[in-house]
Amino acid sequence: MNRIAHTLHNQILRKRRVRSNITGTTSRPRLSVYISNRHVIAQLVDDTTHCSIGYISTVSKKTPAGTMTERAAWAGTEIAKQAKKAQLKSVVFDRGSHLYHGRVKALADAARAGGLEF
């Protein structure tokens, strides 16, 4: 196994390990976070009905310019607004394969400031 394949394999294992303990329900959906090198994606997912309640991405043209940490914070505030529209107060935070640090932490702090509890 080459270096890149080994890295991706470890990333998949970390994601599965985190997801094995997290499940979103109708009253408390899962806030799934995906961060690539260029974009931030946050999604509210109800795992019991397999549907998405809210979705925000920095791929759109409405995204503010700035660093990736600032974009992650923007995504956190926007997903909190969508959760308020859906009358949700608490969610389960799914960080995926990333550490709770930097961009993921900025998104989580902005979502908390927007009124979400997790």
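Predicted, not measured: the structure shown is a model, and the values here were computed from it. One-based numbering along the sequence shown. Just so you know, these numbers use all the heavy atoms, side chains as well, and skip hydrogens, waters and symmetry mates.
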Taking all heavy atoms of [X] and all of [Y], pick out the closest pair and write down the distance.
| X | Y | value |
| --- | --- | --- |
| A110 | A73 | CB-O, 3.1 Å |
| G96 | V18 | O-CG2, 3.5 Å |
| F118 | A108 | CZ-O, 3.6 Å |
| T69 | A106 | CG2-CB, 3.7 Å |
| I79 | Y55 | CD1-N, 4.0 Å |

> What's the spacing between N21 CG and R16 CZ if we round to 0.5 Å?
Replying inline: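 Rounded to the nearest 0.5 Å, the CG-CZ separation comes out at 14.5 Å.
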
>> Once rounded to the nearest 0.5 Å, what's the spacing between atom NZ of K62 and atom OG of S57?
In response: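 If I round to the nearest 0.5 Å, the distance is 12.5 Å.
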
Residues two or more places apart in sequence or in another chain: which of them pass side-chain contact (heavy atoms from CB on, under 4.5 Å) with [X]?
| X | result |
| --- | --- |
| A5 | M1, N2 |
| E70 | T67 |
| A75 | V40, I56, L107 |
| R14 | N10, Q11, R17, S97 |

>> With a 3.5 Å distance limit and no angle check, can you tell me whether R19 reaches the backbone of I22 through a side-chain donor-acceptor pair?
In response: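 Such a contact is found between R19 side chain and I22 backbone.
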
May I ask you to test the [X]-[Y] pair for a side-chain heavy-atom distance under 4.5 Å?
| X | Y | value |
| --- | --- | --- |
| I41 | V33 | no |
| P29 | I53 | yes |
| R30 | T23 | no |

Review item, side-chain donor-acceptor pairs of residues 85-92, under 3.5 Å, at least two apart:
none

Who are the side chain to side chain donor-acceptor pair (under 3.5 Å) partners of [X], not counting sequence neighbours?
| X | value |
| --- | --- |
| T58 | H39 |
| T7 | none |
| E78 | K81 |
| T49 | D46 |

> If you group Ile, Leu, Val, Met, Phe, Trp and Tyr whenever their side-chain heavy atoms sit less than 4.5 Å apart, what else falls in with L99?
Replying inline: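 Cluster partners of L99: none, it stands alone.
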
>> Regarding S32 and Q43, do their side chains bring together a donor and an acceptor under 3.5 Å, going by distance alone?
In response: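 Per modelled atom types, S32 and Q43 side chains form no pair under 3.5 Å.
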
> Parallel, tilted or perpendicular for F93 and Y100, by the 30°/60° rule?
Replying inline: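 Geometry flag for Y100 against F93: perpendicular rings.
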
>> Going by salt bridge (Lys or Arg N to Asp or Glu O under 4.0 Å), name the residues that satisfy it together with R95, two or more places apart in sequence or in a different chain.
In response: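 Testing R95 for salt bridge (Lys or Arg N to Asp or Glu O under 4.0 Å), a comparison that skips the adjacent residues, returns none.
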
> Among the clusters formed by ILVMFWY side chains lying less than 4.5 Å apart, do W74 and V104 turn up in the same one?
Replying inline: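 Linked within one cluster.
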
> With sequence neighbours left out, what residues match Y34 under ring-ring contact (aromatic ring centres under 6.0 Å, His included)?
Replying inline: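 By the ring-ring contact (aromatic ring centres under 6.0 Å, His included) rule, Y34 matches no residue at all.
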
